[in-house]
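One structure is given below, encoded as C-alpha cells.
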Amino acid sequence: GFKNNAANSNVVKTCSSLKIQRTHVNNKCVVFMDNSHCTCSIVNPNDSSAPPKCFTFDGVYHINSTTEQIYNEIAYPLVEGVLEGYNSTVFAYGQTGCGKSFTMQGVVNPPTQRGIIPRAFEHIFEAVSVAEGTKYLVLASYLEIYNEEIRDLLGRDVKRKLDLKEHADKGVYVQDLSLHPVQNVSECEQLMERGWKNRSTGATLMNADSSRSHSIFSISLEMMPITALVDDNSADGDHIRRGKLNLVDLAGSERQAKTGATGDRLKEATKINLSLSALGNVISALVDGKSKHIPYRDSKLTRLLQDSLGGNTKTLMVACLSPADNNYDETLSTLRYANRAKNIQNKPRINEDPKDTMLREYQDEIKKLRQMLETSNLNGDMVTDEKALAEERDKIRQEYEQEMKKVREQYLAEQDHKTKLQLDMERLKEQYEEQLARINKQNNNINQCLLNNASSTSSAKIHAIGANTPSELIVNEALKGLQKLQKSMVGGERANDHELKERRLKKKKAAERRLQALAKVLSKVEDDDGVFLQVYDDIQQELSLKTDALKKSKNKVKALEREISDLQSEFEYERTCYLDEIRQIERQQTMYQQIVEKIIPTLKRECNYRDCIDPMTM
C-alpha cells in the first residue's frame, strides 16, 4: 500500500510479503506468484472449475527465492529506520511447519539463507561502525510467551513468570526483563543462541522441532552526539534518540487432526491458537475503522505488539505459506489474514529525548559531578591535607574519651543522677558525631573535586585510579560505574572505511529504488477507471479496451461471489464443529453429574467432602 503514502508520509501501512517453502514430493503445488505485479494466487485443488483467488501484497517470493533477497528488498528499510530513531517490528506468521523460524533464524550454510535476525545484527553494527560524531548504546533482550506466560530467555531463571506493566513514558513493558549491552554481531548471536536453547519446542506430526511459544528478540539503540557526552552545555545535549527493533517469531497455528497433538502438546496448541485468534481480532478491529474498542488486552501477545499494530512503529509482516494442496485451507486462511493486516495504518515517529534511556542517566551523572565542583566552596588549587584531617579526628576522639572518663567517674560517685547522666552521655555522643560528619563532608568535597577534574581532563575517557586510601576507594567506585557504561558504547570504529561506506550507500539506494518500483506497480493495480476516462483514437480501440475491462470486471464479480460462498461454507463448517464440541461437553457434564449423584448418598455425614460436592455446579 505504498501508493497511498505519497499524500502523507507519516502514515505507513503494515507491509505484507510472502515466502513459500518447497512442496512435498507427493503433493501438488497450488500457489502461484507473479513478481512483476506482486500478486499471489491460489487454486482450489478440490474444484477445478473455481477461479483462482488472487491477492496483492508489497512483495511475493516463491520457492526459488533466498532470505538474502527478502531482507535486502523488504526488511532493509525498516532496520535502517531504527538507526534514525524509529521503532520497527518484523514478525512471521503462518501455519506450523511452513518456515517461519527458518525465515527469521535461517541457517549458516548456504550464506544466502541466513535469517532476517542475524542479517539485522550485521546491518545495525555495520551502520554504527561507520557513524561519525555519534555514540550508540545497544541493548538486547529475548523473551517468549509460553501458555500465556512471559519468560525471560536470557534471565537467570528462564521458568520465572514476568508481569506486563504500563507506564506513561515507556508504554507497555515487561517488568524485570533483563537488558544486555552488546558491542558486536558475535555477542548478539551468542545471546540469540543462548535464548534459542531455552525456548520451548516440541515434536508434532507436522514438525519435529515445532515452536511451542511466541518469541520476541528486541534490540534497543540509544544514540547521542559525542559533544553531548563530554560537554553538557553543548547544543546537542538534549538530542538523545532511541530506536527499537522487535524481531518476532510467532508459533504456528495448528489443527489437532493434522498435528496429532495430545496432552501438553494439545494444551500448548490451544493457547497458541487463542493468542493468534486474538491477534486476528485486533487486526480486524483496526481495519474495520468503526470499532471503538480494540481488544489488545485479550492476549499477552497483542498487548506486547500493541505499538506495532496501529501505533508508533513501522511493521513488516512476513506471511509464510505451504504451497502443498493438502494445506489449501490453512494457506488460504493465511493469505486472508495477511490481506487484512496490510490495511492497518501506523503512525511512526522518531523517538527524540526519551526520559528513560541509560544514556540520559550517564549524561546526568556527568552533570552532577560537574555541579558539585561549581557549588563547592573549594577551588581548584586547594591542597588535600589528609594528615591535618587525621590529626583533627584524633583530637576530637581524645576529647571525647576524656569527657566520657569524667562522666563515668561522676556516675560512680552519683548513682542517684543516673537519668541525667545518660542524657549527658547521649548529648556528648551527638556532638562528637556532628563534628566527625563535618570533617568527613569536607573530605568528600575534596574527593568530588578530584573526581570531576579526572573526568573533565580525560574527555570522557575515564580510567579508574588506585585505591590506597578510603577517599580513593569512594572515587574509584564512582569512576568504575561510569567506565562500565562507557565501555558498553559503540560507534565510529570504522569511520574511515570508505569502501564500507560506499557499500552501505549502494544498499540504501537499491532499497529506495525497490520502494519506488513497488509504488509504480501498485499504482497500476486498481487503474481500471482510466480505461473509461482516457481519450481514444477511434471507436474500435475504445470498444476493444472497454470490452477487456468489462471482462475483467465480470471475472472479479465472479471471484467475489465465489469468495462469499466459500466464506459462508467455512462459517457453517466451523459452526458445526463448535456445536459438536458443545454437545460433547454437555454429555461429559451430564455423566459427571450422574456420577456425583450416585456418590453423595454413600458418603458419611461426618465426611469432610460431603458438603463440598454440589451436583448443581457440575
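Quick note: numbers below take in every heavy atom, side chains included, and nothing from hydrogens, waters or symmetry partners. All residue numbers refer to positions in the sequence shown, counting from 1.
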Query raised in the report: Would S275 and H214 satisfy side-chain hydrogen bond (donor to acceptor under 3.5 Å, both in side chains), going step by step from the backbone distance to the final call?
Result: CA-CA 9 Å; S275 61; H214 310 299; 2.7 Å; yes
Query raised in the report: With a 4.5 Å limit on heavy-atom distance, are the side chains of Y142 and S178 in contact?
Result: no
Report task. Report yes if the side chains of S213 and I145 come closer than 4.5 Å at any heavy-atom pair, otherwise no. Result -> no
Query raised in the report: Is a side-chain N or O of T302 found less than 3.5 angstrom from the main chain of A278, in a donor-acceptor match?
Result: no
Query raised in the report: Should Y93 and V318 count as side-chain neighbours, where that means a heavy-atom distance under 4.5 Å?
Result: no
Requested in this report: Determine, step by step, whether T112 and E68 satisfy the side-chain hydrogen bond (donor to acceptor under 3.5 Å, both in side chains) criterion, reporting the C-alpha distance in whole Å, the side-chain angles of both residues, the deciding distance to 0.1 Å, and the verdict.
Outcome: CA-CA 5 Å; T112 55; E68 181 180 22; 5.2 Å; no
**Report entry** Residues R303, E166: salt bridge by 4.0 Å N-O rule
**Finding:** yes
Requested in this report: Please name all residues satisfying side chain to side chain donor-acceptor pair (under 3.5 Å) with R504, sequence neighbours left out, ordered by chain then number.
Outcome: E80
**Report entry** Heavy-atom side-chain proximity of S277 to N281 below 4.5 angstrom
**Finding:** yes
Report task. Check the pair I116, R119 against side chain to side chain contact (heavy atoms under 4.5 Å, CB included), reporting the backbone distance first and the verdict last. Result -> CA-CA 5 Å; I116 290 177; R119 290 183 186 279; 5.8 Å; no
Query raised in the report: With sequence neighbours left out, what residues match H123 under ring-ring contact (aromatic ring centres under 6.0 Å, His included)?
Result: Y76
Report summary line: For N312, the side chain to side chain contact (heavy atoms under 4.5 Å, CB included) test, sequence neighbours excluded, returns N87, D307, P348, R349, N351
**Report entry** Heavy-atom pair with the smallest gap, counting every atom of A285 and I294
**Finding:** CB-CD1, 3.7 Å
Report task. Decide yes or no for L286 and Y296: does some side-chain heavy atom of the first lie under 4.5 Å from some side-chain heavy atom of the second? Result -> yes
Report task. Decide if the gap between the ring center of F217 and the ring center of F121 is smaller than 6.0 angstrom. Result -> yes
Query raised in the report: Around D47, counting heavy atoms of other residues, nucleotides and ligands shown, do more than 12 lie under 6.0 Å from its CG?
Result: yes
**Report entry** L247 vs L245 side-chain heavy atoms within contact, under 4.5 Å
**Finding:** yes
Query raised in the report: Quick one: do R494 and E126 make a salt bridge, cutoff under 4.0 Å?
Result: no
Report task. Can you establish whether the number of heavy atoms outside E499 located under 6.0 Å from its atom CD is more than 12? Result -> no
Query raised in the report: Looking only at heavy atoms, which two atoms of K100 and A251 are closest? And how far apart?
Result: CE-C, 3.8 Å
Requested in this report: Go through W196 and S101 one step at a time and tell me if the side chain to side chain contact (heavy atoms under 4.5 Å, CB included) criterion holds.
Outcome: CA-CA 11 Å; W196 183 259; S101 297; 4.0 Å; yes
**Report entry** Minimum heavy-atom distance N72-A511, with the two atoms named
**Finding:** O-CB, 4.3 Å
Query raised in the report: Could you go step by step and tell me if E132 and K501 meet the salt bridge (Lys or Arg N to Asp or Glu O under 4.0 Å) rule?
Result: CA-CA 11 Å; E132 297 181 6; K501 287 184 177 180; 2.4 Å; yes
Query - Check: L139 and I219 side chains under 4.5 Å, non-hydrogen atoms - result: no
**Report entry** Any C40 side-chain heavy atom under 4.5 Å of L335 side chain
**Finding:** yes
